[in-house]
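Have a look at the structure below, then the notes.
Residues take their numbers from the sequence shown, with the count starting at 1.
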Amino acid sequence: MKFNTKIPKHLKQAYNKELKQYSFCLENKQYSSAWYHLERSHIIGQSYPIEHTYSHWLMLKFGVMEKNTKEVFGQILRLIVGGWKSFINHIPLGNTGGTNVPPLRPMPFPDDIKELINTK
């Protein structure tokens, strides 16, 4: 069994770039764009417990800000199980992480993220 503990440097850089874009959009009240970048950070970081959990934490905070009860409760559930599932490499690849999709549904990767993930 493969255990995921540390995100590779090139993925960490892409993950941080998405989080910076998220923060910029949030500060400028571009909420749909902010959410888009949170989803992308989730896709990039979902195989790594720290990054995966942090993406869900930010999604929870976003749900609270938006007063979206479904998102808040969905993110609490994902926070409880997401990190350890990343650690044991048992995650639905490509899943965007929000409550608008089932938590165990694999999804196609955006082309640029697919290329990034396939880079060693």
Side-chain angles (χ1 to χ4, degrees):
M1 178 183 290
K2 179 184 175 196
F3 294 107
N4 292 332
T5 54
K6 187 171 182 189
I7 189 169
K9 185 177 180 179
H10 72 288
L11 293 180
K12 182 69 172 185
Q13 290 171 339
Y15 175 83
N16 286 336
K17 181 180 177 185
E18 294 299 334
L19 292 182
K20 285 179 185 172
Q21 285 295 112
Y22 161 73
S23 294
F24 175 82
C25 291
L26 192 62
E27 288 169 12
N28 289 285
K29 298 181 180 2
Q30 300 168 351
Y31 299 123
S32 62
S33 293
W35 184 256
Y36 169 79
H37 290 289
L38 272 183
E39 289 179 323
R40 288 176 57 83
S41 76
H42 179 269
I43 295 167
I44 294 167
Q46 74 184 116
S47 292
Y48 306 94
I50 293 170
E51 290 76 14
H52 190 191
T53 301
Y54 189 62
S55 291
H56 282 299
W57 170 248
L58 292 176
M59 288 178 169
L60 171 64
K61 288 175 53 176
F62 191 90
V64 169
M65 180 195 74
E66 291 280 297
K67 297 181 176 106
N68 182 334
T69 306
K70 180 183 176 192
E71 195 67 49
V72 169
F73 286 113
Q75 291 305 326
I76 290 170
L77 175 65
R78 286 160 174 81
L79 278 167
I80 292 169
V81 298
W84 70 266
K85 289 184 81 80
S86 295
F87 181 70
I88 61 171
N89 202 33
H90 191 312
I91 44 115
L93 293 174
N95 188 290
T96 55
T99 59
N100 60 327
V101 296
L104 300 177
R105 177 182 290 162
M107 298 172 71
F109 286 98
D111 289 338
D112 64 323
I113 294 177
K114 184 177 184 178
E115 185 177 317
L116 181 69
I117 288 175
N118 289 331
T119 303
K120 299 289 179 183

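Partners of L93 under the side-chain contact (heavy atoms from CB on, under 4.5 Å) rule, at least two apart in sequence or in another chain, are S47, I91, F109. Looking at residues two or more places apart in sequence or on another chain, you find a side-chain hydrogen bond (donor to acceptor under 3.5 Å, both in side chains) between K12 and E51. Annotation: side-chain hydrogen bond (donor to acceptor under 3.5 Å, both in side chains) contacts of T99 (sequence neighbours excluded): E71. By the salt bridge (Lys or Arg N to Asp or Glu O under 4.0 Å) test, R78 is found to be paired with no residue, residues two or more places apart in sequence or in another chain being considered. For Q30, the side-chain contact (heavy atoms from CB on, under 4.5 Å) partners two or more places apart in sequence, or in a different chain, are F24, C25, N28, S33. Under the salt bridge (Lys or Arg N to Asp or Glu O under 4.0 Å) criterion, D112 pairs with R40, sequence neighbours left out.
For the pair K114 and N118, the minimum side-chain heavy-atom distance is below 4.5 Å. Considering only heavy atoms from C-beta on, L19 comes within 4.5 Å of Y54 through its side chain. In this structure, L11 and P8 have side chains that are in contact, with non-hydrogen atoms separated by less than 4.5 Å.
Screening residues 58-67 for salt bridge (charged side-chain N to carboxylate O under 4.0 Å, His left out) gives no qualifying pairs among residues at least two apart or on separate chains. Within the structure, ring pair (Phe, Tyr, Trp, His ring centres under 6.0 Å) pairs that include any residue of residues 59-78 comprise W35-F62 (at least two apart or interchain).
Tracing side-chain contacts under 4.5 Å through hydrophobic residues (I, L, V, M, F, W, Y), one never reaches I50 starting from V81; they form parts of separate clusters. Transitive grouping of hydrophobic side chains (ILVMFWY, heavy atoms separated by less than 4.5 Å) brings Y48 and I117 into a common cluster. No continuous path of ILVMFWY side-chain contacts below 4.5 Å connects Y36 to Y31, so the two sit in separate hydrophobic clusters. Cluster membership check: L60 shares its hydrophobic cluster with I80, using side-chain heavy-atom separations under 4.5 Å among Ile, Leu, Val, Met, Phe, Trp and Tyr. Put simply, I44 and W57 are part of the same group of oily side chains (I, L, V, M, F, W, Y) that touch within less than 4.5 Å, one to the next.
Between the side chain of H52 and the backbone N or O of Q46, at least one donor-acceptor pair lies under 3.5 Å. For the pair H56 (side chain) and I76 (backbone), a donor-acceptor distance under 3.5 Å is absent. Under the 3.5 Å distance criterion, the side-chain polar atoms of N95 are left unmatched by any main-chain donor or acceptor of P106.
Counting side-chain heavy-atom gaps under 4.5 Å among Ile, Leu, Val, Met, Phe, Trp and Tyr, the cluster of M107 also holds V101.
M59 contributes atom CE, which lies 9.5 Å from atom OH of Y22 (distance to the nearest 0.5 angstrom). To the nearest 0.5 Å, atoms OG (S23) and CG (N16) are separated by 10.5 Å.
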Could you please spell out the steps behind the side-chain contact (heavy atoms from CB on, under 4.5 Å) verdict for E39 and N100? CA-CA 11 Å; E39 289 179 323; N100 60 327; 4.2 Å; yes
With side-chain contact (heavy atoms from CB on, under 4.5 Å) as the criterion, how do L26 and M65 come out once you've worked through the C-alpha distance, each side chain's angles and the decisive distance to 0.1 Å? CA-CA 11 Å; L26 192 62; M65 180 195 74; 3.8 Å; yes
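Here the rule is side-chain hydrogen bond (donor to acceptor under 3.5 Å, both in side chains) with H37, and of K17, E18, H42, K20 only E18 fits it.
Within a 6.0 Å sphere centred on CG of L79, other residues, nucleotides and ligands contribute more than 12 heavy atoms.
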